[in-house]
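Note sheet for the following structure.
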Amino acid sequence: MVMAEPLLAVRGLSVAYAGVPAVRGIDLDVARGEVVALVGANGAGKTTILSAISGTVGFGGGRIGAGRVLLEGQDVTGRPAHRLVALGLSHVPEGREILARLTVAENLDLGAYQRSDRAAVAADVEVVYERFPILGQRRHQLAGSLSGGEQQMLAISRGLLGRPRLLLLDEPSLGLAPQAVRAVFEEVDRIRRAGTTVLLVEQNARQALALADRGYVLETGSIVLAGTGAELSRNERVIDAYLGLPPELGANAAG
Ligand code: ATP
């Protein structure tokens, strides 16, 4: 049988900041239709991997020292972010990065800046407002007035307005109240059912692995474990390092 080509393949990727290695020769695949979770502690290199994939790592002073990023087999390593957007990649960065001084509607519009099908964009925006009525009610208000959970839904919805084939989500549950965390994971599940492939970075390993089809565990820039979400959730090393904490000791154990 011929193996189908993954939507995203990362091969031997190394990234350094001012010569200091942050990611050390990692390999990672995401197949069409999957949710793949990348979990690991603070500073393990998760954000660096996503930004290397999306062409934004240079903005933070990072440099790809080795390796390749392949989108449907096409080598896109080091391409500028806007060209990757045009190829179907959408990156929702950590901290949401919604533009607080723009309205909800203006933020959503930014997500569709490369589309010329304005009628279809308007229809997609209406779907967002139906899905998240609070965003519809506040469409003309500044995005900065939304709660953290609402801002995250806005950021994800904005990412989807580019109609990506691959959505990169960086810590979407970070800093949110438990109910908003649940809503974020439900939204990721809905996105998968709607047919969009997701690479999800999370410190909230328990919920990320419960949702993901497959996962990778990253420690100090290297992938130390890979498997299905279920396998990793049962893995003793993962339980000890990421799932065993009582809730009061951190977001890892939330939920
Ligand atoms: P977090 O969850 O805290 O964001 P992470 O797993 O996403 O962690 P990265 O942010 O990718 O990890 O950081 C990986 C390593 O690279 C860390 O040692 C970090 O200090 C370093 N690093 C990240 N960004 C920069 C930067 N802009 N300049 C210098 N070093 C950086």
Side-chain angles (χ1 to χ4, degrees), residues 8 10-28 30 35-69 77-78 80-81 84 89-98 148 151-152 155-156 159 166-177 180-181 184-185 188 198-209 211-212 214-226 229 232 235 237-238 240-245 247 249-255:
L8 174 74
V10 175
R11 294 289 174 266
L13 180 72
S14 294
V15 183
Y17 294 96
V20 180
V23 171
R24 304 156 189 266
I26 65 127
D27 294 324
L28 173 159
V30 182
V35 171
V36 171
L38 184 57
V39 301
N42 260 332
K46 306 180 297 297
T47 295
T48 300
I49 291 173
L50 286 198
S51 54
I53 294 169
S54 73
T56 56
V57 74
F59 301 156
R63 199 174 153 274
I64 296 177
R68 293 184 302 155
V69 177
T77 320
L84 292 165
L89 203 94
S90 183
H91 182 185
V92 180
E94 186 177 339
R96 305 187 272 278
E97 295 195 9
I98 58 130
Q151 290 187 17
Q152 187 61 66
I156 294 173
L166 175 63
L167 183 66
L168 307 177
L169 287 179
D170 195 352
E171 304 268 12
S173 79
L174 190 70
L176 301 183
V181 170
V184 163
F185 282 102
V188 176
V198 179
L199 177 57
L200 170 69
V201 156
E202 267 293 338
Q203 279 187 53
N204 190 336
R206 182 186 302 274
Q207 281 171 314
L209 293 176
L211 175 76
R214 290 186 306 109
Y216 295 91
V217 178
L218 193 69
E219 284 178 11
T220 53
S222 300
I223 286 173
V224 294
L225 280 171
L232 292 176
N235 182 287
R237 183 166 169 185
V238 175
D240 283 350
Y242 305 105
L243 305 179
L245 290 175
L249 287 184
N252 285 346

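Just follow the structure's listing: the first ligand is 1, and inside any ligand the first atom is 1.
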Ranked by distance from atom 27 (N) of ligand 1, the top protein heavy atom is G60 O, 2.7 Å
Residues V15 and A52: closest non-hydrogen pair is CG2-CB, 4.0 Å
If you scan protein heavy atoms around atom 12 (O) of ligand 1, the nearest is G45 N, 3.0 Å
Atoms of ligand 1 under 4.0 Å from any heavy atom of E171, numbered from 1 in the order shown, are 2 (O)
Heavy atoms of P172 and V184 approach each other most closely as CB-CG1, 3.6 Å
Per-atom filter on ligand 1: closer than 4.0 angstrom to a heavy atom of A41 are 6 (O)
List the steps, then state whether salt bridge (Lys or Arg N to Asp or Glu O under 4.0 Å) holds for E219 with R24. CA-CA 10 Å; E219 284 178 11; R24 304 156 189 266; over 6 Å; no
shortest atom 3 (O) of ligand 1-to-protein heavy-atom contact is with N42 OD1, 2.8 Å
Note: ligand 1 atoms sitting under 4.0 Å from heavy atoms of A44 are 5 (P), 6 (O), 12 (O)
Scan the protein's non-hydrogen atoms and note whether one is under 4.0 Å from atom 19 (C) of ligand 1.
no
Residue, atom and distance of the protein heavy atom nearest atom 4 (O) of ligand 1 read E94 OE1, 3.2 Å
N/O donor-acceptor pair under 3.5 Å between S90 side chain and G159 backbone | yes
CD of E94 to CG of D170, rounded to nearest 0.5 Å, is 4.5 Å
Would you check if there is a donor-acceptor pair between the side chains of S173 and E202 at a distance under 3.5 Å?
-> yes
Among non-hydrogen protein atoms, atom 31 (C) of ligand 1 lies closest to Y17 CD1, 3.3 Å
- request: For R11, look at atom CZ and say whether over 12 heavy atoms of other residues, nucleotides or ligands are found less than 6.0 Å away.
  value: yes
Closest to atom 8 (O) of ligand 1 by heavy-atom distance, out of G62, S51, G43, is G43
**Asked** Quick one: does A22 get an N or O within less than 3.5 Å of an N or O on ligand 1?
**Response** no
Would you say that V238 contacts V217 through its side chain, given a criterion of any heavy-atom pair below 4.5 Å between the two side chains?
yes
Short version for A18: what comes under 4.0 Å of ligand 1, heavy atoms counted, is neither
Among non-hydrogen protein atoms, atom 11 (O) of ligand 1 lies closest to T48 OG1, 2.5 Å
Under 4.0 Å from one or more heavy atoms of Q203, ligand 1 contributes atoms 2 (O)
Taking the side chain as everything from C-beta on, heavy atoms only, tell me whether L200 gets closer than 4.5 Å to V36.
no
shortest atom 10 (O) of ligand 1-to-protein heavy-atom contact is with T47 CB, 3.7 Å
Is the backbone N or O of L38 less than 3.5 Å from a side-chain atom of K46, with the two atoms forming a donor-acceptor pair by type?
no
